[in-house]
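Values in this document were obtained by computation on a predicted structure and should not be read as measured data.
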Amino acid sequence: MAEVDRTAFEDLYRDHYWALLRFAVRRTPDEERARDLVAETFAIAWRRRDSLPPSHALPWLYKIAGNVLANERRRDQRTAAAYRTLGGYSLTDYQADTAERTEWTHALEEVLQALRRLSGDDQRVLTLHAWEGLIGRDLGIALGCSAATASVRLHRARRRLDAAVRGRGSRSDQTSALRGATGEQS
């Protein structure tokens, strides 16, 4: 292993660890699982360091983390199915605790519910844009597509989220909640 590779990777780790941890915490039910996801992401990044786009390291890491998370969710689904098949207990969906629910506004809860009803691809593009702040080429890298394709996917996902939110509450509440949840400016 070249010392240059090791030093550059240590810098990458220091520069992006906390952003990846925030990404993982928003998507997993507990902090320990989030830390494991980040560790796995950096392990894969180390093995694939030759394909790292230097000026777009964070979106590249988000893409890896998204794949790790998807693999983890598939594994969890297989495990739950195995328990059901064997007559074991049924795993329940994660529910926000009371303290979290009090912090969230009614409008945000509606948007989050609508977001959960969307496909995984729509959820991914919306959360990478709104929660991680990715746009343009960075969003494309994280999604594994061109910037133009990412923009189209984001536009279509926003339309589907808007339609899902429109099913409830007043239009003005939904519009402001939707803009806030997707990072869109008024």
Would you mind reporting whether Arg124 and Leu143 have side-chain heavy atoms less than 4.5 Å apart? yes

If every non-hydrogen atom of Ala164 is compared with every non-hydrogen atom of Ala114, which pair is closest and at what distance? CB-CB, 3.7 Å

Does Tyr62 reach the side chain of Thr41, with side-chain heavy atoms less than 4.5 Å apart? no

Gap between atom CD1 of Ile141 and atom CG of Leu134 - 0.5 Å precision: 9.5 Å

Is Asp162 salt-bridged to Arg158, going by a charged N under 4.0 Å from an acidic O? no

Nearest 0.5 Å please: distance from the CG atom of Leu12 over to the CG atom of Leu58. 9.0 Å

Roughly how far, to the nearest 0.5 Å, is the SG atom of Cys145 from the NZ atom of Lys63? 8.5 Å

To the nearest 0.5 Å, atom CG of Asp15 lies from atom CD of Glu10 at 11.5 Å

Answer yes or no: is there a donor N or O on one side and an acceptor on the other, between the side chain of His56 and the main chain of Asp138, under 3.5 Å? no

What pairs of donor and acceptor atoms, side-chain ones from residues 19-29 against any protein atom, are under 3.5 angstrom apart with sequence neighbours left out?
{"unit_1": "Arg26", "atom_1": "NH1", "unit_2": "Trp131", "atom_2": "O", "d": "3.3"}
{"unit_1": "Arg26", "atom_1": "NH1", "unit_2": "Glu132", "atom_2": "OE1", "d": "3.1"}
{"unit_1": "Arg26", "atom_1": "NH1", "unit_2": "Glu132", "atom_2": "OE2", "d": "3.0"}
{"unit_1": "Arg27", "atom_1": "NH1", "unit_2": "Phe23", "atom_2": "O", "d": "3.0"}
{"unit_1": "Arg27", "atom_1": "NH1", "unit_2": "Glu132", "atom_2": "OE2", "d": "2.9"}
{"unit_1": "Arg27", "atom_1": "NH2", "unit_2": "Thr127", "atom_2": "OG1", "d": "3.0"}
{"unit_1": "Thr28", "atom_1": "OG1", "unit_2": "Ala24", "atom_2": "O", "d": "2.9"}
{"unit_1": "Thr28", "atom_1": "OG1", "unit_2": "Asp30", "atom_2": "O", "d": "3.4"}

Interatomic distance, Asn71 atom CG to Leu37 atom CG [nearest 0.5 angstrom]: 10.0 Å

Please assess Ile44 against Arg48 for the test side chain to side chain contact (heavy atoms under 4.5 Å, CB included), listing each intermediate value before the final yes or no. CA-CA 6 Å; Ile44 292 168; Arg48 296 182 184 166; 3.7 Å; yes

Hydrogens and angles aside, do Arg35 and Tyr17 bring a side-chain donor and acceptor to less than 3.5 Å of each other? yes

Sequence neighbours excluded, the answer for side chain to side chain contact (heavy atoms under 4.5 Å, CB included) partners of Asp121 is Ser119

Any His129 side-chain heavy atom under 4.5 Å of Val125 side chain: no

Less than 4.5 Å apart, side chain to side chain, heavy atoms only: is that true for Glu40 and Glu72? no

Would the number of heavy atoms belonging to other residues, nucleotides or ligands and lying under 6.0 Å from CD1 of Ile135 be above 12? no

Please work out whether the ring planes of Trp46 and Phe9 are parallel, tilted or perpendicular, with thresholds of 30° and 60°. perpendicular

Hydrophobic cluster membership, with links at side-chain heavy-atom distances under 4.5 Å among I/L/V/M/F/W/Y: are Leu118 and Val165 in one? yes

Side chains of Leu126 and Leu154: does their closest heavy-atom pair fall under 4.5 Å? yes

Can you tell me how far CZ of Arg160 sits from NE2 of His155, rounded to the nearest 0.5 angstrom? 9.5 Å

